[in-house]
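A quick write-up on the structure given underneath.
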Amino acid sequence: MFDESAQFYDAIYATFKDYPAEVAKVAQLLRGIDPKFKTLLDVACGTGEHARLLAQAGYRVDGLDLDASFIRIARGKHQAGRFIEADMSEFDLPHRYDVVMCLFSSIGYLRTLDQVERALRCFRKHVRPGGVVIVEPWFEPGVLDPNRTDRITAETNGVRITRTSRMELEGNLSRLHFEYEITDSAGTRIAREVHELGVFPRSDLLNTFRAAGLDPDFDPMGLSGRGLYVATVAS
């Protein structure tokens, strides 16, 4: 999905995403649940920026992602962590964690509630007794504006990237169309990506957590205004 943009991902998202503030909120949340929590699995970890900062905060963090380029970048940032290329809906690791988390709306890439339930069952399987599952969702129905166009410009290592994005909605599916104008010493080229994410009502997601054997609470603000599910293993 990020074939065209992985190498520019951090530069693009640094223009608007406050990773240190998000990690501070995660650490505060975890201290409030159980100050003894130390081990985290970051599912759909991307380039490992959350993992890197959580490690600096004293946590032992591993990660997994479907994108090999992201895994390579994450390993370079946080060499003490184990980063695995894997599908979030069907992974099986030999380790169990105090916390399994999936942030920045990555759960939406599963597109259907059946796939989300499969992923949540994997998350539950990898949580130690007394641990938690944390999921930052994609937007709910009625929030996204298909008429909106966004443009972001970033620079990194002598490369200037302008990303233009527009949204398309089709039933319970949102389709993000990204166009990149990439300028370096060799000239300018255009690259495109299409990202599809499922748009799920909160009530459906809560029921999906329960179907996966988890007992969820929902914070409507969360880390970045998208909300946050915090779930324990159901008794």
Q. Does NZ or CZ of Arg75 come closer than 6.0 Å to the centre of the six-membered ring of Phe83, within 45° of the ring's axis?
A. no
(Q) Which residue in the set Arg31, Arg128, Lys38 passes salt bridge (charged side-chain N to carboxylate O under 4.0 Å, His left out) when paired with Asp98? (A) Arg128
**Q.** Between CZ on residue Phe8 and CD1 on residue Ile152, distance to nearest 0.5 Å
**A.** 14.5 Å
Q) Do the side chains of Tyr229 and Pro137 get nearer than 4.5 Å, heavy atoms only? A) yes
Q) Is any side-chain heavy atom of Phe37 closer than 4.5 Å to a side-chain heavy atom of Val132? A) yes
**Q.** Nearest atoms (heavy-atom pairs only) where Asp62 meets Tyr97
**A.** OD2-OH, 2.6 Å
Q: Of all the heavy-atom pairs spanning Pro146 and Leu169, show the shortest one and how long it is.
A: CD-CD1, 4.0 Å
Q. Do Ile134 and Leu103 have side-chain heavy atoms sitting under 4.5 Å apart?
A. yes
Q | Arg121 side chain vs Ala211 backbone, donor-acceptor pair below 3.5 Å | A | yes
Q) Can you name the side chain to side chain donor-acceptor pair (under 3.5 Å) partners of Ser5, sequence neighbours left out? A) Tyr180, Glu193
Q.
Quick check for you: to the nearest 0.5 Å, what is the distance between Glu136 atom CD and Ser106 atom OG?
A. 8.5 Å
Q. Got a donor-acceptor contact below 3.5 angstrom from the Asp219 side chain to the Leu228 backbone?
A. no
Q | Option among Leu53, Leu54, Val99 that satisfies the side-chain contact (heavy atoms from CB on, under 4.5 Å) test with Val26 | A | Leu54
Q) What distance separates Glu179 CD from Arg192 CZ, expressed to the nearest 0.5 Å? A) 4.0 Å
Q) To the nearest 0.5 Å, what is the distance between CG (Leu29) and CG (Leu223)? A) 8.0 Å
Q: State, without any angle test, whether Thr149 and Arg166 hold a side-chain donor-acceptor pair at a distance under 3.5 Å.
A: no
Q) Any side-chain heavy atom of Leu113 within less than 4.5 Å of one from Asn207? A) no
**Q.** Nearest non-hydrogen partners of Gly198 and Leu173, listed with the distance
**A.** N-CD1, 4.3 Å
Q | Gap separating the CG atom of Leu205 from the CZ atom of Arg210, nearest 0.5 angstrom | A | 11.0 Å
Q.
So Phe123 and Val135, do their side chains get closer than 4.5 Å, heavy atoms only?
A. yes
Q: State whether a side-chain donor-acceptor pair under 3.5 Å links Thr112 with Asp114.
A: no
Q.
On a heavy-atom basis, which atom in Leu197 and which in Ser105 lie closest, and how many Å separate them?
A. CD2-O, 3.6 Å
Q. Would you say the side-chain atoms of Arg82 pair up with the backbone N or O of Gln79, donor to acceptor, closer than 3.5 Å?
A. no
Q) Centres of the Phe91 and His126 rings: under 6.0 Å? A) yes
Q.
Do Met88 and Arg118 make a side-chain contact, defined as non-hydrogen atoms from C-beta onward lying under 4.5 Å apart?
A. no
Q: Find out whether the Lys NZ or Arg CZ of Arg163 is both under 6.0 angstrom from the six-membered ring centre of Tyr9 and within 45° of the ring's axis.
A: no
Q: State, yes or no, whether a side-chain contact exists between Asp145 and Met167 at a heavy-atom distance under 4.5 Å.
A: no
Q.
Measuring from atom CZ of Arg202 to atom CD of Glu140, what distance do you get when rounded to the nearest 0.5 angstrom?
A. 4.5 Å
Q: Output, in order, the C-alpha distance, side-chain angles, deciding distance and verdict of side-chain contact (heavy atoms from CB on, under 4.5 Å) for Ile71 and Cys45.
A: CA-CA 8 Å; Ile71 291 296; Cys45 64; 4.1 Å; yes
Q: Check whether any side-chain heavy atom of Met101 sits under 4.5 Å from a side-chain heavy atom of Val43, and report yes or no.
A: no
Q | Residue from Lys17, Lys77, His78 passing side chain to side chain donor-acceptor pair (under 3.5 Å) with Glu49 | A | Lys77
